[in-house]
Amino acid sequence: ELFQMNQSSVKILRTGHRLFNVSRLSKHTLPDLPYDFNALEPVISSEIMKLHHQKHHNAYVTNLNMIEEKIYDATLKNDISKLVSLQPAFKFNAGGHLNHSILWQVMSKDGGEPSKELLAAIERDFGSMNEMQDRLSAATIGVQGSGWGWLGMCPESKKLRIATMANQDPLEATTGLVPLFGIDVWEHAYYLQYKNVRPDYVKAVWKVANWKEISNRFTKVQNRAE
């Protein structure tokens, strides 16, 4: 839903080594935050939120649009080598756009409590809410370098899972798990406020978890047809 295309979206059909029937993608845009930059204080400062959204997320959107133009041109020229060379940058920037678009939605100043159905699933799959939070926090703190920690849901088994992803690798495209809640542990997400003490940041993030949105995301996956 974050990458909606217009009717003249790119359609790449392959016959042997030939690519054809190509038209342009609509441009991706930076989504508005659903709250003010200072809404998550004191957990996340206004300065961090502004930089994170206006600079970092915006850069992923800008670069994604630029890369898609290059993909379009390379497709027209049937330049398969160029298309292959563009894939790492496409994955990185598309993942960055996807991940951050989810992140802004699953945080809130007053996110309420998980739905009864979500809480029951958490207790079924992890034993308790505290156990789930401890396990996701530990996995996220342990990410080497930059990356994300996720609470995801398998759309087939309807089971909840914890996963970590390196860099900006998107959860669903990489693992098949649908993201419900994510914690960004790139340093730009916390360093100005928490310095190098990642555990303090990860522990604090739970205070701004938007359980209303997380529960809505859970329900949507729960209701998917088998």
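We use all heavy atoms of the structure for the numbers below, so side chains are in, but hydrogens, waters and symmetry mates are not.
Around the NZ atom of K109, the shell of radius 6.0 Å holds more than 12 heavy atoms that belong to other residues, nucleotides or ligands. Shown here is K195, whose NZ atom has more than 12 heavy atoms of other residues, nucleotides or ligands within 6.0 Å. More than 12 non-hydrogen atoms from other residues, nucleotides or ligands lie less than 6.0 angstrom from CD of Q222.
Under the 4.5 Å side-chain criterion, counting only non-hydrogen atoms from C-beta, L118 is in contact with W211. Looking at P34 and D32, their side chains never come closer than 4.5 Å, going by heavy atoms from C-beta outward. For the pair Y60 and L64, the minimum side-chain heavy-atom distance is 4.5 Å or more. Residues P170 and M165 form no side-chain contact, since every pair of their non-hydrogen atoms from C-beta on lies 4.5 Å or further apart.
Summarising the geometry, atom CD belonging to E113 is positioned 11.0 Å from atom OG belonging to S115; distances are rounded to the nearest 0.5 Å. The distance from the NZ atom of K220 to the CE atom of M153 is 13.5 Å, given to the nearest 0.5 Å. Rounding to the nearest 0.5 Å gives a distance of 5.0 Å between CG of L136 and CD1 of I162. The structure places NZ of K91 at 12.5 Å from CG of L98, a figure rounded to the nearest 0.5 Å. To the nearest 0.5 angstrom, C154 atom SG is 10.0 Å from K159 atom NZ. Atoms OG1 and NE2, on T62 and H97 in that order, are 10.5 Å from each other to the nearest 0.5 Å.
For the residue pair H28 / E68, a side-chain donor-acceptor distance below 3.5 Å is found, with atom types taken as modelled.
Although no hydrogens or angles enter the test, the distance criterion places no donor-acceptor pair under 3.5 Å between the side chain of N167 and the main chain of D169. Judged by distance alone, the side chain of D36 and the main-chain N or O of A39 form no donor-acceptor pair under 3.5 Å. For the pair N99 (side chain) and Q168 (backbone), a donor-acceptor distance under 3.5 Å is present. Looking at Q105, its side chain never comes within 3.5 Å of a backbone N or O of S101 through a donor-acceptor pair. Under a 3.5 Å cut-off, the side chain of R161 and the backbone N or O of G152 do not form any donor-acceptor pair. No donor-acceptor distance shorter than 3.5 angstrom exists from the side chain of R217 to the backbone of K212, with no hydrogens or angles considered.
By the rule that hydrophobic residues join a cluster once side-chain heavy atoms approach within less than 4.5 Å of another member, L192 and L40 end up as members of one cluster. Cluster membership for L30 and F90, using ILVMFWY side-chain heavy atoms within less than 4.5 angstrom, is not shared. Note on Y191: it does not cluster hydrophobically with Y201, by side-chain heavy-atom contacts below 4.5 Å among ILVMFWY residues. Put simply, V61 and L103 are part of two different groups of oily side chains (I, L, V, M, F, W, Y) that touch within less than 4.5 Å, one to the next.
When all heavy atoms of V43 and A204 are compared, the pair lying nearest together is CG1-O, 3.4 Å. Of all non-hydrogen atoms in A209 and I214, the two that sit nearest each other are CB-CD1, 4.3 Å. Across all non-hydrogen atoms, the minimal contact from R224 to P155 is NH1-CB, 3.7 Å. For I48 against A189, the heavy-atom pair with the smallest separation is CG2-O, 3.4 Å. The heavy-atom pair separating A74 from K82 by the smallest distance is CB-CG, 3.7 Å. In this structure, M49 and L33 approach most closely via the heavy-atom pair CE-CD1, 4.1 Å.
H100 has its ring centre less than 6.0 Å from the ring centre of H52.
Between W148 and W150, the ring-plane angle classifies as parallel under the 30° and 60° cut-offs.
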For the pair S85 and L83, evaluate side-chain contact (heavy atoms from CB on, under 4.5 Å) and give the outcome as yes or no after the intermediate values. CA-CA 5 Å; S85 73; L83 287 170; over 6 Å; no
Go through the steps for N65 and E69 under the test side-chain contact (heavy atoms from CB on, under 4.5 Å), then give the verdict. CA-CA 6 Å; N65 285 325; E69 284 292 329; 5.9 Å; no
Audit row: W186, H56, side-chain contact (heavy atoms from CB on, under 4.5 Å) steps and yes/no: CA-CA 11 Å; W186 279 70; H56 293 280; over 6 Å; no
Kindly indicate, with the supporting measurements, whether the criterion side-chain contact (heavy atoms from CB on, under 4.5 Å) is fulfilled by N93 and M66. CA-CA 10 Å; N93 289 286; M66 178 180 65; over 6 Å; no
Could you give the side-chain donor-acceptor pairs of residues 120-132 under 3.5 Å, partners two or more places apart or in another chain?
unit_1: R124; atom_1: NH2; unit_2: K158; atom_2: O; d: 3.0
unit_1: D125; atom_1: OD2; unit_2: L160; atom_2: N; d: 2.8
unit_1: S128; atom_1: OG; unit_2: E131; atom_2: N; d: 3.0

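Sequence neighbours left out, not one pair with a member in residues 134-144 passes salt bridge (charged side-chain N to carboxylate O under 4.0 Å, His left out).
Of the residues listed (H57, H53, E213), the one engaging W104 in a side chain to side chain donor-acceptor pair (under 3.5 Å) is H57, and it is the only one.
Here F181 pairs with W206 under the ring pair (Phe, Tyr, Trp, His ring centres under 6.0 Å) rule; sequence neighbours left out.
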